[in-house]
Protein chains: 2
Amino acid sequence: MVPKDPSKVRIKDLAQALELSMGTVDRALNNRPEISAATREKVLKAARRMGYHPDLVASVLSSKRRLRIAVNLPRGVTPFHEEVRVGIEEEHAALGKSVVNLEYFHFPGLGSGEMAALDRAIKSGLDGMIISSTADTEVKERLRHLIQLGVPIVCVGTDIPGVDTVATVTIDPFVSGSLAGELVGRLSANTGPIAIVTGDTTVTNHRQKVESFQSTIQQFFPSLDLLPAIEAHDNVEEAYEKSIELLRAHPDLTACYISTGNSIAVLKALKDSKMLGKTMVLTTDLLKQLLPHIRSNRVAGTLYQRPRQQGATAYRVLHHYLSQGQRPAQPIRLDPYLIMRANLDAFLVRRPLSQS
Amino acid sequence: MVPKDPSKVRIKDLAQALELSMGTVDRALNNRPEISAATREKVLKAARRMGYHPDLVASVLSSKRRLRIAVNLPRGVTPFHEEVRVGIEEEHAALGKSVVNLEYFHFPGLGSGEMAALDRAIKSGLDGMIISSTADTEVKERLRHLIQLGVPIVCVGTDIPGVDTVATVTIDPFVSGSLAGELVGRLSANTGPIAIVTGDTTVTNHRQKVESFQSTIQQFFPSLDLLPAIEAHDNVEEAYEKSIELLRAHPDLTACYISTGNSIAVLKALKDSKMLGKTMVLTTDLLKQLLPHIRSNRVAGTLYQRPRQQGATAYRVLHHYLSQGQRPAQPIRLDPYLIMRANLDAFLVRRPLSQS
DNA sequence: TTGAAAGCGCTAACAG
DNA sequence: CTGTTAGCGCTTTCAA
């Protein structure tokens, strides 16, 4: 242990140097309204010159308020979001629960009850919000409104086109897509048709994955026959129907890259078309039902999206923005983990899968 | 924002309930000596009963001391450790510099000056320490002594056999080794000799990587001819000599997995033996000199060890131990990133490589 | 061994 | 618009 740095510049020091009161200095430093522009400038300049840095600990202790972060996520349907929630919770604990109040607003599924949950959250008053992607235009409208009111929103999992979030945390679509391309190219026969099943190409993140995958195949494996991307819109039926159709048109499908969470439906279509085990399959999620397929190599591998880390990072970014006012310059992109037959069990040891 | 929880139990509440002073309660709660065993028990019981939880923010603000964490790492030789340092620094900034004082004790290389740096650190007094692996028995002796004095030590990068660190942060050797095995098995011809170059098999982490790799090959690719592991002891000359020897004995080497940071020397040996581009190579680091080899596919891929994340995690774990007294039950293991030709550039975009 | 009281640096309520 | 002052919950003297 060591004594606190005595050379540290405090509000009191600034106040003395400028012959102002601590209250005034505080007002200038924290952008409070009750102060003249002139004094504010003077204070800010002095603060910069003297090297003032706010002491967050003291600030938190002193203010009788805590930040309120709302978490709007579907509950009980997608394992991805269950994991995201765990990550948020863990980071919340690590960063100190005494500073932030976490409040969950669940809804039963993507697109159902989302609006109501959002309205509840808004009504309860909040300083920031973590959400997952949404395609609902009405929801988007509300989000834009929230942002206008100055409430920062962090989106986790995908981006939301048309909504100016403070940050967006996703898997790196370029790394993911190009690695998928490389693996498909190397691990499958080097001729024949290659399919890619995605969510919705109006979502930037989805589109970038597709494009990276495609350009990797074109550049390094030109002998493969790249089929147009299939959009399944995160819908089980749609994914199944379109996959069946695909397999009818291409009964010799060499490989299939499922770039968002639709693997189960696609696998079912493969099975029903008697292609399971013949077509090389690369997925991006890690569901319980997927494990036997990976073990038996019917699924060559999965580019795990690390939902827990995504949740933790989203929380952290929002926390940082709320306490320091800095938003990340770039979208935040995590690198995927490659999980295959051999490393699956070593991976799972440290990472109990949530049910479903 | 929301008012602070008014139902929170404070020291003052305990004091009032027990008809003691805040000072006495504080002494009991923090294991200070100047208190009778009887009152201490009474206080602790009441604290538990009433659900008291210390407010760390207030505690830090009030105490005139800060934690002192020493970082003992080589400087200017291994890019790995440069990155580890960046990670430590970032996490330090994120977790609040006002709580901890970071102090660096550098030394010029693994095994040189390490002892002196350690002694300087010890003499300066410290609450915790982050170090990297060491093979030096004299250094280990000192570390054990430090631990006996109650100074927690977190080891980053590898483990230190025989030293009871509070935590050890490494890449997951099982995931890493088995994934390497899978990739070697799938991406190389399925016959011929396979080599593995490691550091030092007395280091648990190194041994586990080797064993995972071997058992994966044996289980899934039995037609490959697995050669005994080569130990290079993180020494450039040794790595080169032994590789040359290896290649003389096995001029048809199918693949080579370099499981610790010796890739450059091994690649030089491959080149000098005219085998570069013929033998499939899998590495674990990401040096500047390696990039052209990855781009040209002479190196099939690298299982990146994420040194920055390792540093950040090490800091975080130590911080947590120092403030909460909890040590992780298990060694902390990160999963590697697979980097290949196609995703290399997408990966580097967000991650400027340090020089050398 | 215990109690009383003065801060840590900042915020917020109130007065001017 | 600005100044004054009383805390936030805990630690740390200093006195008893």
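Just so it is clear, the values below take in all heavy atoms, side chains as well, and ignore hydrogens, waters and symmetry mates. Below, chains carry the letters A, B, ... as their sequence lines are ordered, and counting in each starts from 1.
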Rounded distance (Å) that lies between atom C1' of C/dA4 and atom CZ of B/R27: 10 Å
I want to verify a distance call: between C/dG9, D/dG9, C/dG3, whose nearest atom is closest to the B/K8 side chain? D/dG9
Closer than 4.0 angstrom, basic N to acidic O: yes or no for B/R316 and B/E91? yes
If only atom types and distance count, is the side chain of B/N30 paired as donor or acceptor with the main-chain N or O of B/D26 below 3.5 Å? yes
Closest approach to the side chain of A/D26, judged atom by atom: which nucleotide of C/dG9, C/dA12, D/dC10 is it? C/dA12
Would you say a side-chain N or O of B/T24 is under 4.0 Å from OP1 or OP2 of C/dG3? yes
Out of D/dG3, C/dC10, C/dC8, which has the shortest distance to the side chain of A/R10? C/dC10
For the pair made of CG in A/D55 and C1' in D/dC8, what is the distance, rounded to whole Å? 13 Å
Tell me: NZ of A/K12 to P of C/dT11, nearest whole Å? 15 Å
Taking only Lys NZ, Arg NE, NH1 and NH2, and the carboxylate oxygens of Asp or Glu, determine whether B/D13 and B/K8 approach each other closer than 4.0 Å. no
Spacing between B/Q16 atom CD and C/dG3 atom P, to the nearest angstrom: 13 Å
Does the side chain of B/S62 come under 3.5 Å of the side chain of B/S59 through a donor N or O and an acceptor N or O? no
Between D/dT12, D/dC10, D/dT2, which one does the side chain of B/S63 approach most closely? D/dT12
Can you tell me how far C1' of C/dT11 sits from CG of A/L61, to the nearest Å? 10 Å
Output the rounded distance in Å from CE (A/M22) to P (D/dT4). 11 Å
Name all residues meeting the side-chain contact (heavy atoms from CB on, under 4.5 Å) criterion together with A/T165; count only those two or more places apart in sequence or in a different chain, and write none if there are none. A/I153, A/C155, A/V163, A/T168
Separation of C/dG9 atom P from A/I11 atom CD1, nearest Å, is 11 Å
B/Y315 and B/Q310 side chains, donor-acceptor separation under 3.5 Å: no
If the threshold is 4.0 Å, N to carboxylate O, is there a salt bridge linking B/D335 and A/R351? yes
With a 4.0 Å heavy-atom cut-off, tell me which residues in residues 32-53 of chain A come close to DNA chain C, sorted by residue number. A/R32, A/Y52
Please state whether the phosphate of C/dA4, meaning OP1 or OP2, lies under 4.0 angstrom from any side-chain nitrogen or oxygen of B/S21. no
Is a donor-acceptor contact shorter than 3.5 angstrom present between the side chain of B/S59 and the base of D/dG9? no
